[in-house]
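Letters A, B, ... are given to chains in the order of the sequence lines, protein chains preceding strands, and every chain is numbered from 1.
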Protein chains: 2
Amino acid sequence: MQKEERQQFIIEELRAYNKVKSIELSEKLKVSEDTIRRDLKELAEKGQLKKVHGGAMSSSFSSFHNSLDNIYAHSSKVKIVRKALSLIEDNMVIIIDGGTTNLELAKILPLDLKATVFTNTLQVALVLCEHPEIDVCMLGGKLHKGSKLAIGLDVVNYLSEMHADICFMGTSGIHTTIGITENDREEAITKRAMIARSSRVVSLAISEKLGKIQPFKVDSIDKVHILVTEFAPNHHSLEAFRNAGIKIL
Amino acid sequence: MQKEERQQFIIEELRAYNKVKSIELSEKLKVSEDTIRRDLKELAEKGQLKKVHGGAMSSSFSSFHNSLDNIYAHSSKVKIVRKALSLIEDNMVIIIDGGTTNLELAKILPLDLKATVFTNTLQVALVLCEHPEIDVCMLGGKLHKGSKLAIGLDVVNYLSEMHADICFMGTSGIHTTIGITENDREEAITKRAMIARSSRVVSLAISEKLGKIQPFKVDSIDKVHILVTEFAPNHHSLEAFRNAGIKIL
DNA sequence: AAATTTCATGCAAAATGGCGCAAAATGTGT
DNA sequence: ACACATTTTGCGCCATTTTGCATGAAATTT
């Protein structure tokens, strides 16, 4: 990957998210942070972005905020997806479900990852289109407006004909005895189908979802193999899940 | 392998990937890197690409030149979709295909329009999610990265089970005798399926697509019922299409 | 205040670019 | 068919660019 291409990518990231972090860029682009820093310096001199501690932001956006962390308020989700990244290897078949945490996962995937990804959410699909080595398959069907994801019969039908190595589940509620729950019936059914077609099920859940119960049951707790939260694995509130036989990351 | 042939190949690679590396070209073309360098130098002097360290990039891709003629094209697209709007009524079943013009159409749809819309493009689906009265159905399948739309067997299968009142076709090339053509085979097949399942087919085409021919045939010209361009309906360059029995808007 | 993270600088290794030259290929006129 | 000019190509040599690492300073967090 040459310099110009990298810088082009940085500009695009900036257009999309108004902010970039040096570390994340270096992970995505597989170069050292020094190189990223040099890129940012050059682009800053050309006036194409504004450097800030830890990264850069779109120069037009900068007047409103002056710290990256204001923009990165969702840092617990970033923590989660960083950990989840370790579960992904080249040539996997991956299902990525809806939810903002899963969207963060898609954004942080290395640019050169080779994989086949099935997703029912529009934004995840859009982000993955930027990855040249990933085969993206959109699970089609009636769209749920709020969450911008496809749900219902069409998705379930499609899923029934396939199999994935790993499934990253968005989580509205996860409870040690009740299991996984959702607040929409069709969404619950869709998730259940995803679980059924995956060798491994990973639940990405910010801590506020732990112990929460939603109206519609997705599946029992033993279907979840791995739980990833922003807490350290030995955190006390994860005790019950560990006892339920779930691997904690 | 002749020089011209090589340089042609480089241009094509550039069109496909927007970037090329000298080493890879020298391997693919079985010549020394020096030769490639000389080719790139010549092409750069002719303005057909932009040389960068380690290879070259598509010159249009990098700078604002691109965005400038986007702005120019944008105004004609807005003209087109304004006219196309008159074709839409409440409670219709609508297919919206890919392309930037169709995206403009989606953006301009009245917020209170009641309709069922099928689309295979991610951005159109996202825009339509903001419309509370529109049932949006995403046509799923393997995604074509550049155009961010679902193409291929899955889409065709899904279409075969439905029927729409009207279909807004993105247009890469439309020619009075050759018909509608596309630059991707699967995209062509997908469009053909859309046409087959719609009572009325509308081609939204900025003038530069008129008379253009792409490698893959979608369907014959008599499948198009209505043609919408930025020109006034009596414009001379639309004469041939009117004679072909197409209604001009 | 201490610990961690990020930044700047210098440096060396690796990759890439540029130039001249000679061999090979191609074109041209007789 | 032959000699000669022109173009194209590959190689060697060296300059330049790029990159990663080490070190210490600066900024930020705990």
Side-chain angles (χ1 to χ4, degrees), chain A residues 1-11 13-14 17 19-57 59 62 65-79 81-83 85 108 110-112 207 230-232 234-235, chain B residues 1-11 13-14 17 19-59 62:
Chain A
M1 166 108 37
Q2 55 262 69
K3 196 177 130 188
E4 311 290 332
E5 193 188 344
R6 252 189 351 251
Q7 300 193 352
Q8 186 66 43
F9 177 81
I10 294 175
I11 298 290
E13 284 280 293
L14 223 43
Y17 309 122
K19 77 254 169 184
V20 288
K21 274 189 168 183
S22 300
I23 295 189
E24 293 180 359
L25 284 175
S26 85
E27 284 170 358
K28 274 194 187 180
L29 297 168
K30 305 280 187 200
V31 291
S32 73
E33 285 180 57
D34 298 76
T35 303
I36 296 295
R37 240 193 305 283
R38 274 185 280 246
D39 285 339
L40 294 183
K41 193 182 169 191
E42 280 186 31
L43 291 169
E45 281 164 3
K46 282 194 274 179
Q48 306 207 39
L49 53 77
K50 191 187 167 197
K51 266 185 30 151
V52 296
H53 209 89
M57 46 203 213
S59 41
S62 62
H65 312 74
N66 21 26
S67 156
L68 266 187
D69 281 321
N70 288 342
I71 307 173
Y72 267 82
H74 56 294
S75 60
S76 55
K77 285 176 184 171
V78 174
K79 272 187 200 167
V81 296
R82 286 248 181 86
K83 289 196 267 187
L85 211 52
I108 209 182
L111 255 189
D112 63 343
S207 54
E230 76 267 33
F231 293 149
N234 56 359
H235 193 282
Chain B
M1 170 94 44
Q2 296 302 322
K3 192 176 150 189
E4 297 295 325
E5 196 180 345
R6 250 189 355 249
Q7 300 195 351
Q8 188 57 42
F9 178 82
I10 294 175
I11 298 290
E13 286 280 294
L14 220 44
Y17 303 112
K19 72 208 169 191
V20 288
K21 290 190 198 176
S22 300
I23 295 189
E24 291 179 1
L25 285 175
S26 85
E27 284 169 0
K28 281 188 188 174
L29 296 169
K30 310 280 183 203
V31 291
S32 73
E33 285 181 57
D34 299 72
T35 304
I36 296 297
R37 233 194 310 282
R38 275 185 279 247
D39 285 338
L40 294 183
K41 192 181 171 190
E42 282 184 29
L43 292 168
E45 282 163 2
K46 282 194 276 180
Q48 305 205 39
L49 52 78
K50 185 183 156 197
K51 262 181 45 146
V52 298
H53 210 91
M57 290 179 67
S58 151
S59 51
S62 59

Task: Side-chain heavy atoms of B/Glu13 within contact of B/Lys28, under 4.5 Å - done: yes
Spacing of [X] atom [atom1] relative to [N] atom [atom2], expressed in whole Å:
| X | N | atom1 | atom2 | result |
| --- | --- | --- | --- | --- |
| A/Glu27 | C/dT5 | CD | C1' | 14 Å |
| B/Lys41 | D/dT7 | NZ | C1' | 15 Å |
| B/Glu4 | C/dG27 | CD | C1' | 15 Å |
| B/Leu25 | C/dG17 | CG | C1' | 16 Å |
| B/Glu5 | C/dA25 | CD | C1' | 16 Å |
| A/Leu40 | C/dA8 | CG | C1' | 14 Å |
| B/Leu29 | D/dT9 | CG | P | 11 Å |
| B/Glu24 | C/dT16 | CD | P | 10 Å |

- [ ] Can you sort out the partners of A/Glu4 under salt bridge (Lys or Arg N to Asp or Glu O under 4.0 Å), two or more places apart, ordered by chain and number?
- [x] none
Task: Euclidean distance, A/Ser26 OG relative to A/Glu33 CD, rounded to 0.5 Å - done: 4.5 Å
Open item on the list: Looking at every non-hydrogen atom in both residues, tell me the closest pair between A/Leu49 and A/Ala56 and how far apart they are.
Closed with: CD1-CB, 3.8 Å
Open item on the list: How close do A/Glu27 and A/Pro110 get, counting heavy atoms only, and between which atoms?
Closed with: O-CB, 4.5 Å
Open item on the list: Please report the end-to-end axis angle for the helix from C/dA1-D/dT30 to C/dT30-D/dA1, five pairs per end, rounded to 10 degrees.
Closed with: 50°
TODO: Using the side-chain contact (heavy atoms from CB on, under 4.5 Å) rule, pick out the option among B/Leu25, B/Ile23, B/Val20 that qualifies with B/Ile36.
DONE: B/Leu25
With sequence neighbours left out, what residues match [X] under side-chain contact (heavy atoms from CB on, under 4.5 Å)?
| X | value |
| --- | --- |
| A/Arg6 | A/Met1, A/Lys3, A/Leu29, A/Val31, A/Thr35, A/Asp39 |
| A/Gln48 | A/Ile11, A/Leu43, A/Lys46 |
| B/His53 | none |

TODO: Could you check whether B/Lys21 gets within reach of a base, just the sugar-phosphate, or nothing at all, counting any heavy atom under 4.0 Å?
DONE: nothing
Do any N or O atoms of the protein come closer than 3.5 Å to N or O atoms of nucleotides 19-27 of chain D, and which pairs are they?
unit_1, atom_1, unit_2, atom_2, d
D/dT19, OP1, A/Arg6, NH1, 2.5
D/dT19, OP1, A/Arg6, NH2, 3.2
D/dT19, OP2, A/Arg6, NH2, 3.0
D/dG20, OP2, A/Ser32, N, 3.2
D/dG20, OP2, A/Ser32, OG, 2.9
D/dG20, OP2, A/Thr35, OG1, 2.3
D/dG20, N7, A/Arg38, NH2, 2.6
D/dG20, O6, A/Arg38, NH1, 3.3
D/dC21, N4, A/Asp34, OD2, 3.3

